[in-house]
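The block underneath contains the structure these notes are about, expressed in structure tokens.
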4 protein chains.
Amino acid sequence: MSYTRQLLDTQSRAFNVDADVLAAAIDALSDCAQACVADTDADLGEQNVTEMITCIRLCLDCADICATTARVTSRPAGFDAGVSRPLLEACVVICSKCGGECERHVMHPHCRICAEACRRCEQACRRLLDAMR
Amino acid sequence: MSYTRQLLDTQSRAFNVDADVLAAAIDALSDCAQACVADTDADLGEQNVTEMITCIRLCLDCADICATTARVTSRPAGFDAGVSRPLLEACVVICSKCGGECERHVMHPHCRICAEACRRCEQACRRLLDAMR
Amino acid sequence: MSYTRQLLDTQSRAFNVDADVLAAAIDALSDCAQACVADTDADLGEQNVTEMITCIRLCLDCADICATTARVTSRPAGFDAGVSRPLLEACVVICSKCGGECERHVMHPHCRICAEACRRCEQACRRLLDAMR
Amino acid sequence: MSYTRQLLDTQSRAFNVDADVLAAAIDALSDCAQACVADTDADLGEQNVTEMITCIRLCLDCADICATTARVTSRPAGFDAGVSRPLLEACVVICSKCGGECERHVMHPHCRICAEACRRCEQACRRLLDAMR
């Protein structure tokens with residue numbers, strides 16, 4: 001069990017969304033941010049770097065947005081749907097676009113892995129948005 | 001003139017929002033993030049810290065969300081309203097709440113300054129959202 | 001296997017430190033940053049919050065420093081010991097202090113978990129520093 | 001006067017370094033982080049992007065390290081030279097390298113501006129390190 005889930009369990013229900021869904025989203029957001037940072041670096045090392053520019057741009061935005069959303073959702077005591085909802089919506093959009101672009105470059109293993117991280121994150125954010133309704 | 005505006009002027013209109021409005025938003029977002037980080041530290045040093053908990057929580061979220069939105073809007077070449085819009089909407093909500101809470105503590109000069117930074121940022125984000133329409 | 005290790009394996013040895021040691025450090029840094037963010041939120045909810053101020057301050061610094069060091073070490077292609085070494089040294093110091101302070105509050109399960117994350121991160125950073133020699 | 005200096009003045013000397021030197025460093029770190037983020041985006045849009053790869057990699061590291069160091073130094077109440085010193089040393093090294101690389105591309109106005117931001121930040125960090133002795 002990740003620290004995320006353990007730490008959520010120590011909070012006496014400050015938030016009213018399912019802890020499994022929240023923990024899965026936080027972990028997927030952290031993993032996606034990490035994958036996008038690493039993928040940016042790998043993209044910059046490709047010989048056909050001019051074909052990777054869109055991928056790099058999307059990875060930069062995706063890394064920043066997912067990292068911040070992981071931080072905000074990791075502080076559930078002050079949970080505010082008016083703030084979390086648009087953040088998660090931004091994550092869904094950028095993960096979808098970044099994942100789609102990475103899938104165009106699956107001949108590069110780093111893009112294949114990053115696409116997987118983006119897809120998993122998009123799904124986890126959608127589930128959290130659903131659970132917040 | 002800040003580096004922000006100078007740097008935007010070197011980009012040959014990759015984006016189609018007014019450069020003044022965009023630069024003002026980026027600078028206000030950076031200033032607000034900075035003010036919220038400093039205000040958190042000052043809040044933690046107050047004798048009545050139990051009364052500052054809500055303020056601290058809001059400042060933590062506001063700092064992270066504004067910092068990331070400053071980064072995303074500072075990379076205008078891949079500008080995507082589907083991503084920027086919800087991010088800016090999250091900024092408007094958190095700046096409004098954080099500014100409102102800080103105004104309840106204006107006896108503390110650091111909260112007065114942070115309230116001003118939040119209000120200015122909220123307004124600059126609203127203007128950018130309007131300009132994107 | 002985490003995305004971190006998989007992604008490092010796609011990079012054709014841009015760096016000359018052991019990939020296991022590097023991947024372990026990146027994962028420990030990300031986990032520690034995450035734990036410190038969550039612990040800050042939990043600390044702010046404790047009844048004896050005045051006794052948690054030092055813990056909160058250390059967690060805030062530890063979260064930021066570990067998150068950035070995770071990002072920099074996740075971009076190994078431009079690996080520069082002149083930059084990575086002081087960053088990792090800053091991590092060792094803050095993780096040691098933050099872990100020590102959290103251990104003073106192990107009656108709070110969130111502090112016990114955060115102490116564990118800090119200790120593991122301190123050790124992983126020391127190992128990476130050793131491997132860089 | 002920036003919010004930074006105003007906010008420092010509200011803290012009753014929690015730290016024992018000159019407030020002017022500290023405020024100048026925080027502002028230079030924030031400006032440099034901002035310039036590096038914007039320069040990365042502009043570099044990615046250049047036709048000779050393959051010649052900009054080193055510049056992009058350095059800007060990515062410089063942006064992250066300066067942003068985090070700005071945050072840590074903006075929380076002066078828990079000021080700890082054992083943490084701040086290696087962070088500022090990492091800033092000096094990365095700003096020097098990033099500034100030097102940007103100077104190789106001064107035909108691009110965005111690199112000229114970024115070089116200036118890096119040089120100013122390097123100097124401000126050196127002054128803060130001196131003031132901490």
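Naming: A, B, ... by sequence-line order, numbering from 1 per chain.
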### Query
Would a distance-only check, ignoring hydrogens and angles, find a side-chain to backbone donor-acceptor pair under 3.5 Å from C:Ser96 to C:Val92?
no
### Query
Checking C:Leu60 against chain D: side chain, backbone, both or neither under 4.5 Å from a heavy atom?
both
### Summary
Ranking C:Glu89, C:Arg71, C:Arg57, C:Arg75 by heavy-atom pairs under 4.5 Å to chain D gives rank one to C:Arg75
#### Entry: Residue that, paired with D:Leu87, satisfies side-chain contact (heavy atoms from CB on, under 4.5 Å) out of C:Ile94, C:Leu87, C:Val93
C:Leu87
### Message
Go through it in stages, so that I can follow the logic: the residues are D:Asp9 and D:Arg5, the test is salt bridge (Lys or Arg N to Asp or Glu O under 4.0 Å), and I'd like the CA-CA distance, side-chain angles, deciding distance and then a yes or no.
### Response
CA-CA 6 Å; D:Asp9 286 343; D:Arg5 186 65 169 85; 2.2 Å; yes
### Message
Does this structure show an ion pair linking C:Arg127 with C:Asp130, if we count only N-O contacts that are shorter than 4.0 Å?
### Response
no
### Query
Hey, which of C:Asp64, C:Val72, C:Ile53 has the most heavy atom pairs under 4.5 Å with chain D?
C:Asp64
